[in-house]
Number of protein chains: 2
Amino acid sequence: MKGFFIYELKLLHLQIETYFMYEDLKYWYLRDHKLFRILSYSQIKQLCIITGFKKASKGEIIYFSSSDVPRIFLLKKGNIKIVAVDDDGNETIKDIIQKGDLFGELTLETDNKVEEYAKVLSDDVSICSFLMSDFEDLLLRNPTLALSYTKFVGLKMKRIKNNYANLVSKDAKTRLYQFLKDWAEQEGVKNGNTVIIENYLTQNDIAQIICTSRQTATQLLNEMETNQLLDYNRKQIIIPDITKL
Amino acid sequence: MKGFFIYELKLLHLQIETYFMYEDLKYWYLRDHKLFRILSYSQIKQLCIITGFKKASKGEIIYFSSSDVPRIFLLKKGNIKIVAVDDDGNETIKDIIQKGDLFGELTLETDNKVEEYAKVLSDDVSICSFLMSDFEDLLLRNPTLALSYTKFVGLKMKRIKNNYANLVSKDAKTRLYQFLKDWAEQEGVKNGNTVIIENYLTQNDIAQIICTSRQTATQLLNEMETNQLLDYNRKQIIIPDITKL
DNA sequence: GGCTAAGTGTAAATTAGCTGACATTTTGCT
DNA sequence: AGCAAAATGTCAGCTAATTTACACTTAGCC
């Protein structure tokens, strides 16, 4: 009942935002991303780069297919996963996008051969998007932003390389531990050594992220639970002592 | 004997280059990289971005450690591999750098925690380098270059992601086939469907690249040889019909 | 030319982790 | 409340690939 009340409040809040300060909202939504902090209000507004704003709720699938004009997206709220379907029909989790992350064709190259979609994991998400071409113009006019953006893309690359290295040299257990540590680091609420993570992933999702089968992930998670390293349920994950992972 | 003669000639050639047109050489070495084509002679010269030029021969190990000022490198000639040593002392091949490739801290972020070195694979290599800070300045002054560079980094990322996907979903055999196809594509000399690749890698190198054990790689290569898909030796790899891979 | 080290060939034992095949639990929905 | 679907738990059998272990071959060097 309490949850429902809050939901109503949020809705109300959104309506106010939408109807009374939509222009400003656009602005702030980009503005509070670290990449765009160096830009002035007028720069963002003037360039008019926000051309889309979308809300969606849990389980929804969002296609950002290549048939459309190429876009870059910014996840303002919630969590989504990017899933790729390969030729054999296998689904792979390409990425987990969290609040504040940019996603889409970050390389600024349109490539239409990959079949990808996004699936909403949290209760609801809001996404804003802008045209890749507009963004390119903006980068051309703001070398500092271009440099930041390059570093940003580079950081993403470094993360991927890191995962890659883990995948090669470490076993499933180590990968799970590493994943949990990373997750805790990024989103966990710390209280001393105890960390609580809001769990919007299924065990299957986790399995896919650390590149193992669902069964193996389940086994490992249960093993951790019996060793009291973890308290897992569908809503949250409690790690009593993060240093023990 | 013929090889030696050519080597002498090359040396002579280098000396001429070095003593009579070193400034121009610097220029051209960067100039003929696709990234830098948009820049004028004066831009490259004026910015004075080449601050290093180095030659090395087979087997040599080049450290580009973080103790030094951060640099970006351009491999002008030959092939090298980038090897990372992790905490457990395991060596992993991070990258194979081919003629014309940029390498080093492409993300423009100095990160000193990783222990990496480069090992020369081909008979000899020449490498030029410039300071990361100079490069950043250049990017700031040339938004078009910055954009190209971002796309370039993005492309690298995409390749890595692709490898990652292969590693996850395909078995060692498929990965080897894919690797050979890629290699042939990049460096092979085609003659109809026959491709000849100059082989500067050991089977151990190949194994590491496709993330398997040396023994498995050997077995697979021999299997391919008995199936007449391949003719492997230490100097070159002949693929009689690339379409059959 | 002969020695050493690096690279290659081969095979058996072992194993991590996948597959498939279920039972059980939880969630969302009408 | 009751049902279907999704998520989780568990286990036996199987398989690809690693490990270990050793023989052989080639390349580089004094």
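Treat the numbers as computed from the prediction; the structure is a model and nothing was measured. Here is how names work: the chains are called A, B, and so on, in the same order as the sequence lines, proteins then strands, and each is numbered from 1.
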Is the phosphate of [N] approached by [X] (side-chain N or O, under 4.0 Å from OP1 or OP2)?
| X | N | value |
| --- | --- | --- |
| B/Asn204 | C/dT8 | no |
| A/Asn222 | D/dT10 | yes |
| A/Thr216 | C/dA16 | no |
| B/Gln203 | C/dA6 | no |

Which whole-number value in Å describes the distance from [X] [atom1] to [N] [atom2]?
| X | N | atom1 | atom2 | answer |
| --- | --- | --- | --- | --- |
| B/Leu230 | C/dT8 | CG | P | 13 Å |
| A/Lys170 | C/dG17 | NZ | P | 13 Å |
| B/Leu167 | D/dA17 | CG | P | 11 Å |
| B/Arg214 | D/dA23 | CZ | C1' | 12 Å |
| A/Glu223 | C/dA16 | CD | C1' | 13 Å |
| A/Arg175 | C/dG17 | CZ | C1' | 10 Å |
| B/Leu221 | D/dA17 | CG | P | 14 Å |
| A/Leu220 | C/dG17 | CG | P | 8 Å |

More 5' along DNA chain C: B/Gln219 or A/Asp171, using each one's nearest nucleotide?
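Its nucleotide being nearer the 5' end, the pick is B/Gln219.
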For A/Arg234 and A/Ala172, take the nucleotide of DNA chain C holding the closest heavy atom to each; which residue's nucleotide lies nearer the 5' end?
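Result: A/Ala172.
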Criterion ring pair (Phe, Tyr, Trp, His ring centres under 6.0 Å) on A/Trp183 and A/Tyr177, from CA distance to verdict
CA-CA 10 Å; A/Trp183 195 8; A/Tyr177 278 47; over 10 Å; no
From the options A/Val195, A/Ile197, A/Ile196, select the one residue that forms a side chain to side chain contact (heavy atoms under 4.5 Å, CB included) with A/Ile238.
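For A/Ile238, the side chain to side chain contact (heavy atoms under 4.5 Å, CB included) check succeeds only for A/Ile196.
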What nucleotide among D/dT10, C/dG17, D/dT8 has an atom nearest to a side-chain atom of A/Gln215?
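Given the options D/dT10, C/dG17, D/dT8, the side chain of A/Gln215 is closest to D/dT10.
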Taking atom types as modelled, is there a side-chain donor on [X] or [Y] under 3.5 Å from an acceptor on the other?
| X | Y | value |
| --- | --- | --- |
| B/Gln236 | B/Tyr200 | no |
| A/Asn204 | A/Thr202 | no |
| A/Asn191 | A/Thr194 | no |

5' precedence on DNA chain D between A/Thr218 and B/Lys235 (nearest-nucleotide basis)
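Result of the comparison: A/Thr218.
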Return whichever of B/Lys58 or B/Ser213 has its heavy-atom-nearest nucleotide of DNA chain D closer to the 5' end.
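Between the two, 5'-proximity favours B/Ser213.
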